[in-house]
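This report refers to the structure that appears directly beneath it.
Numbers here simply count residues along the sequence, with the first being 1. Atoms within a ligand are numbered from 1 in the order they appear, just like the ligands themselves. Just so it is clear, the model here is predicted, and its values are computed rather than measured.
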Amino acid sequence: MLVTGGAGFIGSHLCERLLQDGHEVLCLDNYFTGMKRNVAHLLSNPRFELVTHDVTQPILLEVDWIFNLACPASPIHYQYNPVKTTKVNVLGALNMLGLAKRVRARVMQASTSEVYGDPEVHPQKEEYWGSVNPIGIRSCYDEGKRVAETLFFDYLRQNNVDVKVVRIFNTYGPRMRPDDGRVVSNFITQALNNKPITIYGDGTQTRSFCYIDDLIEGMIRMMDYETGEQTRERNYTKPYLSGLPGPLNLGNPHEVSMRTMADMIVSISKSTSKVVFEDLPEDDPKRRCPDISKAENLLKWKPKVTLDEGLRKTIDYFSAVNR
Ligand code: NAD
Ligand code: UDP
């Protein structure tokens, strides 16, 4: 199993889960936002290997499954070098699809709810094509991820590559970077240090937050999904397809405003922080919530961890690294 971006937040949990399931795991990363520390506890496992590599460059490997996660995910990180962000999304997808084609691997793209942009349709279903600014400061990420999806479906149509596209909605949990600028890590770090909680805009904008363990379960179920007619036997004259390429929304449909999120984090962490209001970043989506009926029906998957439970676990992790 190859996990690109494997030393990042989601990638490290995925590597852990794949090892638990008995697989051999190659974790590929260039450590732009990921950290060796995230996978240090896996290094003693003989089925785990770390590869330092940038996905914008081709690589020759022998693998059965590829999870393509390499890409900075937080707005401050993907806007740091926006040209590179587009390259990671487009060249990274091309390189992983080329690899999948050569070795006949199944390949999953970690796409994002950002492909829906600032949505006019609520909640967002997979059939909705989105409302994305092509020239804004978020475009390197949003449009980069959209082109990656295009490439995945063209490789399916043109080369019968066994593709899987999941659209991940805001996910949180242990191993997020305290400094990555995303709302959960910002609010928790601020609350634990009794510093002001920075709400951008008036705090009425919403997001829907999925705990990491729930997301990983959904990704594995999607990768595992096969229609009843096919067997695991590979037939090299008729390439093997799993029957569910996606795109598939993975997220928690429980929608909250940023104001509510701030209040919950202050209360759970017993902080004395007060909220302050700062300017809303450009093109910040007003509402976001997944319609997950497809995942519920096809994968029998839905998130189990409540926001309160997930925040408690995440706050415990941040308190430990904050000491
Ligand atoms: P992250 O920043 O923790 O992880 C990204 C990883 O990719 C890091 O380890 C980073 O070093 C690595 N990386 C970046 N550029 C690379 C390159 N050129 N070559 C090799 N490795 C590179 O972010 P995350 O939250 O774990 O996100 C993982 C994936 O999931 C991303 O593709 C992201 O777009 C997607 N996603 C995440 C969320 C979320 O809420 N966390 C939501 C939607 C989509
Ligand atoms: N946000 C905020 N304060 C912060 C960081 C983020 O109010 O310190 C807001 C941000 O403007 C957005 C929401 O929280 O409306 C989620 O932001 P994040 O960067 O976590 O994810 P994304 O916007 O990509 O969904």
Would you call K84 and D54 a salt bridge, using N to O less than 4.0 angstrom? yes

D308/R312 ion pair, N-O < 4.0 Å: yes

Side chain or backbone, does T33 bring an N or O within less than 3.5 Å of an N or O on ligand 1? yes

Just to be sure I'm reading this right: ignoring hydrogens, which of I76, V275, D284 gets closest to atom 11 (O) of ligand 2? Compare them by their nearest heavy atoms. D284

Hey, is ligand 2 close enough to T198 that some N/O pair sits below 3.5 Å? yes

Go through ligand 2 atom by atom and flag the ones less than 4.0 Å from a non-hydrogen atom of G181. 5 (C)

Parallel, tilted or perpendicular: which one describes the rings of F32 and H77, with boundaries at 30° and 60°? perpendicular

Geometric N/O contact P72 with ligand 1, under 3.5 angstrom: no

For atom 8 (O) of ligand 2, state which one of V183, T112, N186 supplies the nearest heavy atom. N186

Ignoring hydrogens and geometry beyond distance, is a side-chain donor-acceptor pair present between E149 and S111 at under 3.5 Å? yes

Does an N or O anywhere in K84 fall below 3.5 Å from an N or O of ligand 1? no

Short side-chain donor-acceptor distance under 3.5 Å, Q190 and T198: yes

Are S111 and ligand 1 in contact, using a heavy-atom cut-off of under 4.0 Å? yes

Closer than 4.0 Å to some heavy atom of P281 - which atoms of ligand 2 meet that? 11 (O)

Min heavy-atom dist D54 to ligand 1 below 4.0 Å: yes

Please confirm whether K145 approaches ligand 1 to less than 4.0 Å, judged on its heavy atoms. yes

Heavy-atom distance to atom 26 (O) of ligand 1: which of L215, I10, T171 wins? I10

Per atom 38 (C) of ligand 1, closest listed option by heavy atom (T56, T112, N89, I168): I168

I199 neighbourhood, listing ligand 2 atoms whose heavy-atom distance to it stays under 4.0 Å: 7 (O)

Judging by distance only, is a nitrogen or oxygen of F9 under 3.5 angstrom from one on ligand 1? yes

So is E114 touching ligand 2 or not, going by heavy atoms under 4.0 Å? yes

Work out whether the distance between some heavy atom of R182 and some atom of ligand 1 is less than 4.0 Å. yes

Close N or O approach (L69, ligand 1; < 3.5 Å): yes

If the contact criterion is a heavy-atom separation under 4.0 Å, does Y141 count as touching ligand 1? yes

Can you check which of A70, C71, G34 brings a heavy atom nearest to atom 5 (C) of ligand 1? C71

Does any N or O atom in Q190 lie less than 3.5 angstrom from one in ligand 2, N or O only? no

Taking 4.0 angstrom as the limit and counting only heavy atoms of N170, give me the atoms of ligand 1 inside it, by number and element. 40 (O)

More than 12 non-hydrogen atoms from neighbouring residues, nucleotides or ligands closer than 6.0 Å to CD on Q158, yes or no? no

Electrostatic pair R17:E217 at N-O distance under 4.0 angstrom: yes

Tell me which one of A7, A73, G11 gets a heavy atom nearest to atom 27 (O) of ligand 1. A73

4.0 Å heavy-atom contact, R167 with ligand 1: no

Atoms in ligand 1 with a heavy atom of V55 nearer than 4.0 Å: 17 (C), 18 (N), 19 (N), 20 (C)

